[in-house]
Amino acid sequence: MLKKLIASCFIATAAFSAVADDGTFVFSYAGDDYGYWGKGKAEIYDAAIRIQDPSLVGKKIIALRAVLNAYEDIEDTSIWLSKELTLEKVGSVKVTVPDVCSFDVTPEKISLPGSDDSYGQLSATLSEPYVITEEGIYVGYSLTVPAAEKGKPLSNKQQNPLLLSSCSNPNSLYLRASKDFLKWMAYNSKLNAAAMIYVTLEGEIPEYSVGLTSLASAYAPVDKEFNIHAVITTPGAKDVSSIGYTYTIGGNSFDRTLEFDTPIASDFINSTSVDLPISPVAELGEYSLDLTINKVNGMDNANSKSSASCELTVLPFVPKHRPMLEEFTGTWCGWCTRGFIALEKLNELYGDDVVLAAYHDGDSMQASGFPVDDVESLGFPSSMLNRGPAMDPYYANSNIDFGMKDAVKASIDTTVPADIQVRALWGDEDKTVIKIQSTATFFVDKQDAGYKVGYLLINNGLRGSGTGWIQSNYYSSQAGQYDGTDLEILTTWPSKVPGLVFNDVVVDTEGMMGVDGAVPSDIVYNQPYSSEFSYDIASNDVIQDKDSLYVAAFIINPNGTILNSNKAKVDGFAAVNSFDANVEEVSVEYFNLSGCRVAYPDQGVFVKVSKMSDGSRRTSKIILP
C-alpha cells in the first residue's frame with residue numbers, strides 16, 4: 001500500500017518547471033507529497049509513466065531522473081525509454097526490455113527537504129535527444145530486491161522500494177512486480193499515485209495554448225441560455241485568464257468569450273473542467289454542437305487540439321437530477337459513525353436535492369425485508385450512489401476527506417433525460433395507510449424501455465433506549481488523527497454513544513426493487529406516466545413520528561441503477577379512493593412478485609396495475625387467500 005510520509009517535497013510541481021535560459025524544462029506527474037510502496041518481498045519491480053500530450057510532440061527528451069525509497073541493497077537498477085512495455089524471458093524470469101534506450105545506473109543517495117530520511121536517485125543523460133512523437137513514449141525504471149540472507153528479514157526500504165506521489169492522471173503510473181502481477185498494469189486507478197519520474201525536455205513552449213479534451217453531451221431548456229461542460233488543458237507558458245470560442249448549432253455560428261475569476265495555471269499534466277455559456281436555442285430537438293477554442297487571453301490559440309463536438313438535446317424543461325444515496329449501517333458497527341456524519345452533512349449541504357436512505361441491520365431500526373441477503377459480503381459501513389458500485393458513505397471512492405460530498409455534487413450536476421414527481425398523502429384518519437402518486441416523464445422515445453418505479457418509506461427523528469440504540473464508535477480512540485476534518489467530532493464521543501437521533505432511516509422496504517407496470521414498455525417523449533402505490537403501516541413498530549415520514553420515489557433503469565429520484569413528506573389526506581375521485585379505471589393487469597404478468601390471479605400476493613381514464617397508471621398490492 002502507499003504509505004504517506006510528509007506533506008511537502010522539493011522535487012517538482014504537477015506540471016512542469018519554468019523554462020530555463022537554455023530552453024529546457026522538467027516534466028513530471030509527481031506533485032508535492034510522496035509515500036513509499038512495495039509488495040514486501042524479494043522480486044523485480046518496474047515502474048513507468050507515459051508521455052502522450054499533443055503539446056509535447058516534437059519536444060526532445062535529453063535527460064531522465066527517478067527518485068526511489070531504496071538507495072542500497074537493491075540490484076540491476078536501470079532507467080529507460082520505450083515505445084512499448086514489453087517483457088521477455090531471460091533465464092527463468094521475465095524482465096522488461098526497453099526498445100528505445102536503457103541506462104544501467106547505480107542509485108545515488110540523496111536527501112529531501114522536510115525529511116530526515118535518505119532516498120535513492122537514478123539519473124541519466126541521453127547521448128542523442130529523443131524526439132517525442134504523437135504515439136507517445138514510456139519513461140521508466142527497473143530494480144531488483146534480492147533475497148535476504150538466511151535468518152535476516154528484508155529492510156523496510158527493501159520491502160517498499162518505490163517512492164510515489166499523489167496524482168489522478170491515468171498515465172502517471174504503470175507497474176509490474178515479478179511475483180505479484182506478471183504483466184504490466186496501469187495502476188493509477190488503484191493507488192491514485194504517480195511514479196516519481198522527472199524528464200528534462202528541450203523545445204519551445206507556446207505562450208498561449210489551451211487544448212479542448214472533451215465536451216459533455218447536454219440537455220438544454222428551450223429559449224434559455226445554458227452551459228456546456230468542457231474539459232480543457234492549459235499547456236502554454238502563460239496562465240489562462242480568458243478564452244474565446246466559436247461554436248455552431250444547426251448551421252448557425254456564434255462567438256463567445258469567457259473570463260475566469262481566477263486564472264488557470266499553465267499545466268501539462270492536469271485537466272480543468274469549465275462550463276462554457278451557450279446562447280439560447282429557440283426550437284426543441286436534437287443538435288450537434290461543434291466548438292473551437294480560438295483565443296487565449298485575447299491571442300490566437302496555438303494548440304492543435306482545440307476543437308470538439310457533442311450532442312445537444314433541447315427540451316421543454318431540463319429535469320432536475322436528484323441522486324439517491326443508500327447507506328448500510330448498524331449501531332453495532334463502530335466505523336459506521338462516519339456514515340452517520342456523512343448523511344447529516346449531506347442533508348445540510350444539499351437538502352432536498354439529494355435523497356438519502358439508511359438501511360439499518362441488526363439493531364432496533366431494522367425494517368423487515370433488509371435488502372441484502374449476504375450482509376457480510378457487503379461490508380459496513382457501505383453505500384451505493386444511484387445503485388452503482390458499493391463505496392464508502394464518507395470517503396466514496398477517493399482518499400479525499402469527505403469525498404462523498406464531491407461525488408454527490410457531481411451527480412447533482414449531471415443531467416438525465418427523465419423527471420419524477422411524487423405526492424404522499426394519508427389514506428385514512430388513523431394514519432395507518434399512506435397513498436402515493438408518482439409521475440415519471442421521459443424525454444426520449446423508446447420501445448421495450450424496461451424502466452420501473454421504486455419506493456421507500458423513510459422516517460426522521462428516531463431515538464430510543466437499550467442496547468439496540470447505543471451506537472458503537474471506534475473513533476473514540478483516534479484523538480488527533482482527524483483534526484480539521486468532519487470526523488474530528490467523533491474522536492470526542494465515547495466508545496458507546498447513547499441518545500443519538502437517527503434520520504433518513506428506511507422503515508419499510510416494500511417497493512424498493514421497483515414496481516412492474518408503473519411505466520409502460522414503450523415510452524413517448526414528454527408524456528407523463530402516473531402510477532400509485534401504498535403502504536400499510538398499522539403494524540410497523542419501527543416508525544416513531546408519523547409527522548416525520550416521507551416517501552422516496554425513483555426511476556430504476558433496466559440494469560438496476562437509478563436514473564432519477566425525488567422525495568415527498570407524507571402530508572394531508574387523500575380522497576376516499578384515489579387522488580382524483582373523478583378518474584375511472586378502464587383496464588387492469590396483474591403481475592406476480594417475480595414481475596411476470598398473469599391472466600387470472602389465484603392464490604398469493606400480486607401487483608394490480610390499473611390504467612385510468614386520464615391515462616395514468618395506479619399500482620396496488622393485493623393478497624388472495
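Numbering of residues begins at 1 and proceeds along the displayed sequence.
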Any L276 side-chain heavy atom under 4.5 Å of L289 side chain: no

Pair W335 and Y474, ring centroids less than 6.0 Å apart: yes

Steps toward ring-ring contact (aromatic ring centres under 6.0 Å, His included) verdict (Y45, Y141): CA-CA 8 Å; Y45 289 90; Y141 62 85; 9.5 Å; no

Residue pairs involving residues 471-493 (criterion salt bridge (Lys or Arg N to Asp or Glu O under 4.0 Å); sequence neighbours excluded): K345-D486

Test: D117 and K157 ion pair at under 4.0 Å: yes

Test side-chain contact (heavy atoms from CB on, under 4.5 Å) applied to D99 - qualifying residues, sequence neighbours left out: S82, K83, E84

side-chain contact (heavy atoms from CB on, under 4.5 Å) involving N227 - partner list, sequence neighbours excluded: D275, P277

Side chain proximity check, L349 to K405, heavy atoms < 4.5 angstrom: yes

Under 3.5 Å side-chain donor-acceptor pair for D104 and S78: no

I412: side-chain contact (heavy atoms from CB on, under 4.5 Å) partners, not counting sequence neighbours: P323, Y350, D353, V408

Any residue meeting side-chain contact (heavy atoms from CB on, under 4.5 Å) with S55, in chain and number order, not counting sequence neighbours: D53, S209, P235, F268, N303

Nearest-0.5 Å distance that lies between atom CD1 in I49 and atom CG in N169: 9.5 Å

For Y394, ring-ring contact (aromatic ring centres under 6.0 Å, His included) partners two or more places apart: F402

Y187/F181 aromatic ring centres below 6.0 Å: yes

